[in-house]
Amino acid sequence: MDAETLRHMFGLATRALAANLEGFTEADALAQPPGGGNCVNWVVGHVIVHRNHMLRALGHEPVWGADADARYDRASPPVTGAEGALPLAALTEALDRSRERVLAALEAATDEQLGAAPVSESGNATGPVGRRVALLMVHEGYHAGQVATLRRISGRAGAIR
């Protein structure tokens, strides 16, 4: 997977996510979807956690530390109110910073770096960095779609036409 393709994929996902988040209030972002699932606040925090994984895989610093990662990582408790959740403004600011950092990391990425087998946080070798980053981007696209659905549930019109 080459850096140009990864930048293009990431750009598509980030634009979809930004468009679907437009107009959300703090209360909207904390609203629980009917029938279960996570609210927008958790989904956005979760996307940032996985952008941090991308940044680490590319040899760059994440946008926040382990405490925030733990709050929004896979299998973390759902966000059911403001207590213990980051404010939406803080999340969108971190989302913007993570976008800028990932794009800069991809701009600097070499074919050799993307083709290298990284060592995961658990110490186990994984597939090439480029494939890992591509998988994380697909994961982000999935969650951008979740935000689109949560947008409709909140009574807003679709953001992407």
Side-chain angles (χ1 to χ4, degrees), residues 3 6-109 118 120-122 129 132-161:
L6 290 170
R7 281 192 305 273
H8 179 71
M9 289 171 56
F10 187 67
L12 293 172
T14 59
R15 283 190 296 279
L17 186 58
N20 282 307
L21 284 171
E22 198 168 306
F24 267 86
T25 66
E26 192 72 38
D28 296 332
L30 293 169
Q32 298 300 298
N38 287 301
C39 65
V40 167
N41 180 289
W42 187 90
V43 173
V44 172
H46 186 69
V47 165
I48 297 164
V49 167
H50 285 81
R51 286 185 181 182
N52 283 341
H53 292 320
M54 278 187 233
L55 287 164
R56 288 184 197 101
L58 292 164
H60 291 259
E61 289 293 316
V63 297
W64 64 26
D67 288 345
D69 265 4
R71 176 63 195 100
Y72 291 100
D73 208 352
R74 183 174 181 233
S76 63
V79 169
T80 57
E83 187 176 331
L86 291 173
L88 182 60
L91 289 171
T92 55
E93 188 273 331
L95 196 66
D96 288 343
R97 279 188 299 124
S98 67
R99 178 186 49 77
E100 291 167 6
R101 286 191 191 181
V102 170
L103 286 172
L106 289 171
E107 189 69 37
S120 72
E121 292 168 19
S122 64
V129 169
R132 171 91 172 120
V133 170
L135 174 65
L136 290 165
M137 287 181 190
V138 169
H139 178 261
E140 179 166 329
Y142 171 85
H143 288 298
Q146 267 188 312
V147 173
T149 300
L150 292 166
R151 179 182 181 80
R152 294 284 185 140
I153 289 170
S154 75
R156 289 176 175 77
I160 300 173
R161 300 174 209 271

- Go through the steps for R101 and D96 under the test salt bridge (charged side-chain N to carboxylate O under 4.0 Å, His left out), then give the verdict. CA-CA 9 Å; R101 286 191 191 181; D96 288 343; over 6 Å; no
Which atom of [X] lies closest to which atom of [Y], heavy atoms considered:
X    : Y    : answer
L106 : M137 : CD1-CE, 3.6 Å
A19  : A159 : O-CB, 3.2 Å
R51  : V102 : O-CG2, 4.1 Å
V133 : A57  : CG2-CB, 4.4 Å
A109 : L58  : CB-CD2, 4.4 Å
P34  : I153 : CD-CG2, 3.7 Å

- Query: Can you tell which of R99, E107, E100 makes a side chain to side chain contact (heavy atoms under 4.5 Å, CB included) with L103?
  - Reply: R99
- Given ring-ring contact (aromatic ring centres under 6.0 Å, His included), test H53 with H139 step by step and report yes or no. CA-CA 12 Å; H53 292 320; H139 178 261; 8.7 Å; no
As an exercise, state the distance from [atom1] of [X] to [atom2] of [Y], rounded to the nearest 0.5 Å.
X    : Y    : atom1 : atom2 : result
L150 : H143 : CG    : NE2   : 11.0 Å
L136 : M9   : CG    : CE    : 10.0 Å
N41  : L30  : CG    : CG    : 5.0 Å
L88  : E93  : CG    : CD    : 12.0 Å

May I ask you to test the [X]-[Y] pair for a side-chain heavy-atom distance under 4.5 Å?
X   : Y    : result
T80 : Q32  : yes
F24 : T92  : no
D28 : R156 : yes
L55 : E61  : no
R56 : H60  : no
V44 : Y72  : no
N20 : V40  : no
R71 : P77  : yes

Short question: side chain of [X], backbone of [Y] - any donor-acceptor pair under 3.5 Å?
X    : Y   : result
D73  : H46 : no
R151 : L21 : no
N52  : V63 : yes

- In chain order, what residues pass the side chain to side chain contact (heavy atoms under 4.5 Å, CB included) check against A13, with sequence neighbours excluded? E140
- Message: Under the rule for salt bridge (Lys or Arg N to Asp or Glu O under 4.0 Å), what residues qualify as partners of E26, not counting sequence neighbours?
- Response: none
- Query: With sequence neighbours left out, what residues match R15 under salt bridge (Lys or Arg N to Asp or Glu O under 4.0 Å)?
  - Reply: none
- Query: Hey, mind stepping through N38 and V79 against side-chain contact (heavy atoms from CB on, under 4.5 Å) and telling me if it holds?
  - Reply: CA-CA 7 Å; N38 287 301; V79 169; over 6 Å; no
- Output, in order, the C-alpha distance, side-chain angles, deciding distance and verdict of side-chain contact (heavy atoms from CB on, under 4.5 Å) for W42 and S76. CA-CA 9 Å; W42 187 90; S76 63; 2.8 Å; yes
